[in-house]
Amino acid sequence: MKIEIHLKEQLQLAFRELYQEEIESPKLDKTRPEFEGDYTLVVFPYLRQSKTGPEQTAQNLGNWILNHSDWVSDFNVIKGFLNLVIADSYWTDFANEYLTDASQITHTADGKDTRIMVEYSSPNTNKPLHLGHIRNNLLGYSVSKILEHNGYEVIKANLINDRGIHICKSMLAWMKFGAGETPESSGLKGDHLVGKYYVAFDKAYKQEIDDLVASGKNKEEAEKQAPLLLEAQEMLRKWEAKDPETIRVWEMMNGWVYAGFEQTYRRMGVSFDQFYYESNTYLLGKDIVNEGLEKGILYQKEDGSVWIDLTSEKLDQKLLLRSDGTSVYMTQDLGTADLKFQEYQMPRSIYVVGNEQDYHFKVLFSILNKLERPYAEGLYHLSYGMVDLPSGKMKSREGTVVDADDLMDEMHQTADTITRELGKIEGLSEEELYSLFEKIGMGALKYFLLKVDPGKRILFDPKESIDFQGNTGPFLQYTFARINSLQSNAGDWSFGSYTGALEAQEKDLIRYLHDLPGTIRAAGKNYSPALIANYVYDLVKSYNRFYHDLPVLKEENAEKRNLRLMLSKATAEAISACFAMLGIPEVEKM
RNA sequence: GCACCCAUAGCUCAGCUGGAUAGAGCAACUGCCUUCUAAGCAGUAGGUCACAGGUUCGAAUCCUGUUGGGUGUACCA
């Protein structure tokens, strides 16, 4: 916080007085733990200004700053590194002022008055959610919460892909083979029931292709001529013509899926402020294409199809309207972008979509830029890596997916087993136990997925269960529960202020808490829950050392006892804020 | 073919705009529960940061090339 600004100003002043040189605000590093000090200046870049050797320069700067700043209590020089020691009084002042009410450090005002939309999840309604969707949902939700902690007004949006050929495939299979099966009659969750028919379609379709190939057709022809596919395409046409029976089945089956998704979302702990449905938006965007033609940004081929040429940006030529005048995915996305802006006038808009669509979003944003949309500058594709299995990519049609609901069940079950093994369940009712296992299981899963940098792919091995020890969600939850227990055993206490010396563990903990606002800011700027996850892990490690090495309740010096209780409380509040940003449930006792 | 992304310990990951001897967790091995929750703490061992050049006082980090892996490039969504 302000110490860094202060030190940078001091260093600039020092250069002015010592060397009559103006320098840019210097870069300060945290001093590595094996050296004494809090902040380090590397002096090599400044030798030209100082015109003396590195050690001498560091000595001079150190001496100057020691004489001019009350917050610097000592310094040492090792080679070209100037290590500055910050006085305990700075850290105790910080604790007295900010940690007594830690809500002061759990938010920033970076996004004050700025509205931002985060679109995430955006599922297809023909099959249940899998592990890849879980990553998307957790990322989108977490980024939303991080932005809220940075002061943004966030609109969480979900664009549901509820129409198209894939939906018709499920519908067709259900009509042919379903015998009127419903979620009620089958006992299956609605999205799983529909997914079952999506798989059934694919199986029957493949059989037809095989039969056609056996009768002498080549494979490509067979894929295009299989009767089931033709029927599905016919059904799509009927849907677009609003055929009542088709619409009825479509509404019914989508209804099943929504009920299933709703359950899964609730269990994951994610939510939305606005839903968009492609059945409402798929016709949008055509007038934008016309606008583009008028402005000369797009061009029309002889067959009537409309394209954009982005070869000058190292992108290709891209189709925006088919020769028969119907729209493609890109067309709808143009329309939906306008629609969102009309409704919310948000200057910034985030799309949480996997990196397989990097190209699509480059093109989309480029077009909107050329069309001079006022919101174009604020568009951002939060691209994340796929979740892969050891065997490779998950493929729903081939049954190699890790189902979201199944995985959550397994997490719950593992939490159950481990908790019972540890034998910490006395005095809890079955309901309380259920809720406890759920929190721990979800904590483990969410931390596992969110601690990885969004851009990187995640390898998930279903044979190895997600850990509950070490760098894991339950470890964080456990520390929170410990502090909780400490607080409830503490009796009455109050903290006014503290001015004495600090133990190393106390100071270390305060330094981590001191870093929280900067971390929240960085996580918001980079749209990265991983930064919060890594931070809270380091914080918790520091707290556990503190807790292990120093007595809190048993401390006899009342001032010290109150300080440590206050620091514990502040740590719990910091953890709580990080959990809120990651969507990890708090556990009071475990 | 072209474009984009990735490569760090046996495994899973950190390493901010270049800075000191590259850090955690898991797995392996050692200690620590008659004191506030041992899902914890402390320690040992484990590295040619894919490879080769280059820029720099200094490179896991920046540039170029090579290798290996992934993704995209449809009148699909």
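Lettering of chains follows the sequences in order, A, B, ..., and the numbering in each one begins at 1. Side chains included, hydrogens not; waters and symmetry mates left out as well; all remaining heavy atoms used. Everything numeric here is computed off the predicted structure, so don't read it as measured data.
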(message) Below the 4.0 Å mark, does A74(B) have OP1 or OP2 next to a side-chain nitrogen or oxygen of Arg322(A)?
(response) no
(message) Below the 4.0 Å mark, does A77(B) have OP1 or OP2 next to a side-chain nitrogen or oxygen of Asn161(A)?
(response) no
(request) If a protein heavy atom is under 4.0 Å from the base, mark B; if only from the sugar-phosphate, S; if neither, -; do that for nucleotides 7-22 of chain B going 5' to 3'. (result) S----SSS----BB--
(request) Can you tell me, in whole Å, how much space there is between the P of C62(B) and that of C26(B)? (result) 30 Å
(message) Does A39(B) have OP1 or OP2 under 4.0 Å away from a side-chain N or O of Lys424(A)?
(response) yes
(request) Can you label the angle between the His412(A) ring and the Tyr434(A) ring as parallel, tilted or perpendicular, going by 30° and 60°? (result) tilted
(message) If you compare every side-chain N and O of Tyr478(A) against the phosphate oxygens of A39(B) (OP1, OP2), does one of them come in below 4.0 Å?
(response) yes
(message) To check you understand the geometry: which heavy-atom pair defines the closest contact between His381(A) and Val353(A), and what is its length?
(response) NE2-O, 2.8 Å
(message) When the P atoms of U64(B) and A3(B) are compared, how many Å lie between them, rounded to an integer?
(response) 12 Å
(message) Run the ring-ring contact (aromatic ring centres under 6.0 Å, His included) test against Phe468(A) and tell me which residues pass, sequence neighbours left out.
(response) none
(request) Kindly say if Lys314(A) contacts the phosphate of C4(B), meaning a side-chain N or O under 4.0 Å from OP1 or OP2. (result) yes
(request) Using whole Å, report how far CD of Glu220(A) lies from C1' of A74(B). (result) 12 Å
(request) Please name the pair of heavy atoms, one in Leu450(A) and one in Ala533(A), separated by the smallest distance, quoted to 0.1 Å. (result) O-CB, 4.3 Å
(request) Could you work out the separation of C32(B) and U48(B) based on their C1' atoms and round it to a whole Å? (result) 37 Å
(request) Could you tell me how the ring of Tyr277(A) sits relative to the ring of Phe275(A): parallel (under 30°), tilted (30 to 60°) or perpendicular (over 60°)? (result) parallel
(message) Say we look at C76(B) and A7(B): how far apart would their C1' atoms be, to the nearest angstrom?
(response) 32 Å
(request) Treating a pair as Watson-Crick (purine N1 to pyrimidine N3 plus N6-O4 or O6-N4) or G-U wobble (N1-O2 and O6-N3) with both distances under 3.5 Å, list the stems of 3 or more consecutive pairs that involve RNA chain B. (result) B:1-7 with B:67-73, B:10-13 with B:23-26, B:28-32 with B:40-44, B:50-54 with B:62-66
(request) Report the distance from atom CD of Gln477(A) to atom P of A39(B), rounded to the nearest whole Å. (result) 14 Å
(message) Taking G47(B) as the reference, what is the distance to A24(B) when you measure between their P atoms (whole Å, please)?
(response) 15 Å
(request) For C49(B) versus A9(B), give the span between their C1' atoms, rounded off to a whole number of Å. (result) 10 Å
